[in-house]
Amino acid sequence: MSLKLVIMVSGRGSNMKAILEAIEQKELDAQVSLVFSNNAQAPALETAAKYGVQTASISSRGLSRSEHESLVVDLLKKHQFDYIVLAGYMRILSKSFLDHYRDKNGFYRVINIHPSLLPSFPGATGYDDAFNAGVAESGVTVHLVDEEVDHGPILAQWSFMRQAGDSLESFKARGLAIEHILYPRVLQSVARGGIALKDNKIGLVFAVENKEISAR
Ligand code: GRF
């Protein structure tokens with residue numbers, strides 16, 4: 001089926017752009033109903049508009065989490081979507097927000113991409129933390145969101161090796177290039193087959209070979 005998505009962003013929006021590009025290239029069978037940001041200045045909003053996608057923002061400044069989230073829920077009621085796709089959305093979503101978006105199996109219809117091999121290095125600085133810890137291998141995780149931060153059923157992971165002479169920048173660039181390939185592919189896998197349940201658990205819907213790709 002063609003997936004209907006709301007993408008939530010806070011900043012640069014390179015993952016959002018990769019998703020919009022994959023849709024344009026017909027590699028991803030999806031439509032984006034709305035790109036939403038908590039930050040009206042997010043460069044992602046301008047990029048989304050260039051792709052002809054509707055955008056909206058509601059600042060969280062001066063609002064409690066629940067006040068902000070209830071405005072977002074009201075806004076999202078005006079749009080049809082199967083999944084909320086988090087692409088660098090820098091706010092934690094509460095259980096009461098997530099409860100609006102449960103699927104028939106009880107999972108939240110909210111997908112996130114995180115720049116580490118979860119459960120290692122959750123939090124806002126996944127690449128920095130993995131790099132500074134001196135790992136030999138790191139990676140990227142796409143997962144369903146649950147009540148805990150950077151947690152929830154893993155849909156796909158793709159690892160990459162730290163290379164001799166890597167700087168934090170080259171390490172991040174290698175990871176980000178993988179993100180841009182992985183996220184649209186996972187979404188396409190969801191568009192094709194939904195999110196499969198096995199023994200009442202979600203398994204990897206998508207496995208990628210551990211092969212090196214070069215940063216673009
Ligand atoms: C990405 O590294 C993503 O994994 C993380 O936040 C960053 C967002 O980058 N959740 P961008 O806005 O998609 O360029």
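Keep in mind that this is a model prediction, so the values were computed, not measured. Both counts, for ligands and for their atoms, begin at 1 and track the order of listing.
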Is there a side-chain contact between Leu98 and Tyr108 in this structure, where contact means two heavy atoms from C-beta onward sitting under 4.5 Å apart?
yes

Looking only at heavy atoms, which two atoms of Met161 and Glu137 are closest? And how far apart?
SD-CG, 3.8 Å

Who's the nearest protein heavy-atom neighbour of atom 10 (N) of ligand 1, and how far?
Ile113 O, 3.0 Å

Gly11 to ligand 1: N or O pair under 3.5 Å?
no

Validate the cation-pi geometry between Arg102 and Phe107: distance from NZ or CZ to the six-membered ring centre under 6.0 Å, angle to the ring axis within 45°.
no

Within-4.5 Å side-chain heavy-atom neighbours: Arg109 and Ile84:
no

In the protein, which heavy atom is nearest to atom 12 (O) of ligand 1, and how far is it?
Gly13 N, 2.7 Å

Donor-acceptor under 3.5 Å (Thr125 side chain, Asp129 main chain):
no

Distance from atom 6 (O) of ligand 1 to nearest protein heavy atom, with residue and atom:
Gly88 CA, 3.7 Å

Is the Phe171 ring parallel, tilted or perpendicular to the Tyr127 ring (thresholds 30°, 60°)?
perpendicular

Sub-3.5 Å N/O-N/O distance, Arg12 and ligand 1:
yes

For the 3.5 Å polar cut-off, considering only N or O atoms, please tell me whether Leu176 and ligand 1 meet it.
no

Tell me the protein heavy atom at minimum distance from atom 2 (O) of ligand 1, and give that distance in Å.
Glu179 OE2, 2.9 Å

What about Phe121 and Leu117, same hydrophobic cluster or not, with Ile/Leu/Val/Met/Phe/Trp/Tyr joined at side-chain heavy-atom distances under 4.5 Å?
no

Is there a polar contact between ligand 1 and Asn112, counting only N or O atoms under 3.5 Å apart?
no

How close does the nearest protein non-hydrogen atom get to atom 11 (P) of ligand 1, and which residue and atom is it?
Ser14 N, 3.3 Å

